[in-house]
Protein chains: 2
Amino acid sequence: MASIKDVALRAGVSVATVSRALSGKGKVSAASREAVARAAKELGYVLSYNASSLASGRSRNIGIVVPTISRWYFANVLQGATQELNERGYDLTLYNTSGEQRHRDAVFQDLLMRQRLDAVITVTLKLTAPELHQLRLVGKPLVALGGLLPEVSTIRVDDFNIASLATEHLVSLGHTKIAFLGGADVFNVDFNLPAARLDGFEYALDQAEIAVNPQWLLDADFTTAGAYQKVRSLLSNPRGRPTALLCASDEMAFGAIMAARDLGLSLPGDFSVIGIDGHELGELYGLTTIAQHPGAQGEAAVARIMELLGEDGHPDPPSPAPDQFFPTEFVLRTSTAPPA
Amino acid sequence: MASIKDVALRAGVSVATVSRALSGKGKVSAASREAVARAAKELGYVLSYNASSLASGRSRNIGIVVPTISRWYFANVLQGATQELNERGYDLTLYNTSGEQRHRDAVFQDLLMRQRLDAVITVTLKLTAPELHQLRLVGKPLVALGGLLPEVSTIRVDDFNIASLATEHLVSLGHTKIAFLGGADVFNVDFNLPAARLDGFEYALDQAEIAVNPQWLLDADFTTAGAYQKVRSLLSNPRGRPTALLCASDEMAFGAIMAARDLGLSLPGDFSVIGIDGHELGELYGLTTIAQHPGAQGEAAVARIMELLGEDGHPDPPSPAPDQFFPTEFVLRTSTAPPA
DNA sequence: CTGAAAGCGCTTACAG
DNA sequence: CTGAAAGCGCTTACAG
């Protein structure tokens, strides 16, 4: 492969001039610039990122750490982040801790440390003190998506408020027998995100002076199948069942709807369901939900990283200021209605 | 951050010895090895991958190019690939062409070319001649997942056979009025994968001497919602409807099942559905399907890459690609039964 | 088994 | 505006 020397030789200038011409930094005469461009093109030259990074200390490479990939929220965050990074000419190095401590250790102790990254985005991961310390050691910008980390730039939705709003919607429809399906701690994702949503739920009920039935506070594993089982049991209790349910994720809400239908209940007449997420399938299910746009969150995380890197050459999408919550959207469909 | 020099100084040896001790290559006395290990640990030393790569020509970094992330198959391929790579101490650089030519060009013309990778995995992408040429220029091992590429090591399932098997299953149950729901070309994924599955379908019907009804050959966009619309129309045709349907993906099969139910049909009594994929949700839907284990495919792609890189990481003389089909699995559940 | 030294391919003060 | 040169932090023949 052609190196910068070959280009310099062919263009009849020094390597320094080639570097300046190609990077656009520093003054270069129009003539030199053109000669370099031509020579580079003729030789099919592409610069070595390793060499460039070593010399300049900048990698144009962002690391992103996720607890899993094959779940709706994370796949969509990645989708948004990759597109935005691609747009800016950055590479993305993907680390998947897979909820396994062994993988997680490997990521934080080895992979992340190797100075190949300009910055790091963590998604829904509660870093331990040693992990945070490690990252600080490396001295790279860090943005946390989906949860609060001490002294770290964070992008997140207002889980408490989302759950409270969803609950208020059910209450305003006239429901008083309302259940909550939260998520158990999975993937080492322990931001108490489920807890914040549960708090919002209880707060809204409290405001409406509706008693919380502890039997109707459930947990599943954030999957459709897991929710199906729980809700099926919930609705089959011979001592009575709720008329409405708030699910902490849309995927769980799908399972809830399937369970209700399989039991012969008609929706929303017999049973109202509201989710949280904004999953594409929600439309088909007629699911009322609160959309949180994970793709846009991924983009926002990248935009914030670029700000931190001082890379403001691009018209940044309106990323919320550091201490604001990422905006969400109430989507009314047909899975919620007044109780029969 | 501590550099190799600092370690050498502290351990009282040369940088060459440090390099050899830490990499495990070359002879080093036990005493030196130990001194180096201790010094490195005390200083919290991690080597610079950029410098290491530049000097050695090896990156311990694999590129993977996907047409999208937020679709079941791709998310699961990535899940498998990241875990396997993590296990081996490799980084993964993720490129998402997003089905947009602009992104695709950026990936192939720029990002991929920058010599930061040891090898490349492409997923369900039919590379153009220039793209293949570019990749060859870089001279890195290449593995194609999900489709056949000329002179490229390939991992793929036998789409023709899968579709044929699924069709035979319906035929063996006694169905003669069988429809097929394929996938339109999306994401620039144009391996004629849908075509291969259609061919298998038609072949099996032909073997059974059952005529293909051209009205029952449908296309959707591989999404549940898209399939729902198509199947709803299919089943509402007043001139008669099929008693069974083969869907080219499980996600589409879910849409088909939802459509049939919404029309008041009972499954599988009135209508049998079989999918292809092995999606987790299939269990909940009782979907009979042919599982293709994308996570395992991702792992297999990584394993093949490692073979191509050779044990010491240097490309071996190209051995003939072991062009076997990736194994799939027939999963019988309750969505298929003899026609009423 | 070990070290001095060349070299990987760039970037960037520095001096002109 | 331009070039010579030092340096980024490693690896790896080469010679002991």
Just one of B/Asp91, B/Leu92, B/Asn61 clears the side chain to side chain contact (heavy atoms under 4.5 Å, CB included) bar with B/Leu85, so which one?
B/Leu92
Rounding to 0.5 Å, atoms OG1 (A/Thr68) and CZ (A/Phe74) come to a distance of 7.0 Å
Can you tell me how far CD of B/Gln79 sits from CG of A/Asn96, rounded to the nearest 0.5 angstrom?
4.5 Å
Considering only atom P, compute the distance from D/dT2 to D/dA6 and round it to an integer number of Å.
22 Å
Positional range of nucleotides in DNA chain C within the contact set of chain A, heavy-atom, under 4.0 Å:
C/dG9 to C/dA13
By side-chain hydrogen bond (donor to acceptor under 3.5 Å, both in side chains), A/Asn86 pairs with (sequence neighbours left out) none
Determine the interatomic distance between P on D/dA13 and the same-named atom on D/dG9; round to the nearest Å.
23 Å
Quick one: which residue pairs count as a side-chain hydrogen bond (donor to acceptor under 3.5 Å, both in side chains) with a foot in residues 43-53 of chain A, not counting sequence neighbours?
A/Tyr49-B/Arg114
Checking side-chain polar atoms at under 3.5 Å, does B/Ser153 have a donor or acceptor matched by the opposite partner on B/Arg304?
yes
DNA chain D-proximal residues of residues 31-44 of chain A, any heavy atom under 4.0 Å:
A/Ser32
With sequence neighbours excluded, what pairs up with A/Val46 under the side-chain contact (heavy atoms from CB on, under 4.5 Å) test?
A/Met1, B/Met113, B/Gln115
Quick one: which residue pairs count as a salt bridge (Lys or Arg N to Asp or Glu O under 4.0 Å) with a foot in residues 78-88 of chain B, not counting sequence neighbours?
A/Arg102-B/Glu87, B/Glu84-B/Arg88
Tell me every residue that passes side-chain hydrogen bond (donor to acceptor under 3.5 Å, both in side chains) with A/Ser32, counting only those two or more places apart in sequence or in another chain.
A/Ser29
Kindly write out the residues that satisfy side-chain hydrogen bond (donor to acceptor under 3.5 Å, both in side chains) with B/Gln83, not counting sequence neighbours, or none if the list is empty.
A/Ser98
Whole-angstrom distance between C/dC10 and C/dC14, as gauged at atom P:
24 Å
Output row for DNA chain D, stems defined as at least 3 consecutive Watson-Crick or G-U pairs under 3.5 Å, is C:1-3 with D:14-16, C:5-12 with D:5-12, C:14-16 with D:1-3
I need the B/Leu22 CG to B/Ile4 CD1 distance, nearest 0.5 Å.
7.0 Å
Give every donor-acceptor pair under 3.5 Å between a side-chain atom in residues 5-12 of chain A and any protein atom, sequence neighbours left out.
from    : atom 1 : to      : atom 2 : distance (Å)
A/Asp6  : OD2    : A/Ser3  : N      : 2.7
A/Arg10 : NE     : A/Glu42 : OE1    : 2.6
A/Arg10 : NH2    : A/Glu42 : OE1    : 3.1

Residue pairs passing the side-chain hydrogen bond (donor to acceptor under 3.5 Å, both in side chains) test with at least one member in residues 15-24 of chain B, sequence neighbours excluded, are B/Ser14-B/Thr17
Hey, can you pull the residues of residues 5-19 of chain B with a non-hydrogen atom under 4.0 angstrom from DNA chain C?
B/Val13, B/Ser14, B/Ala16, B/Thr17
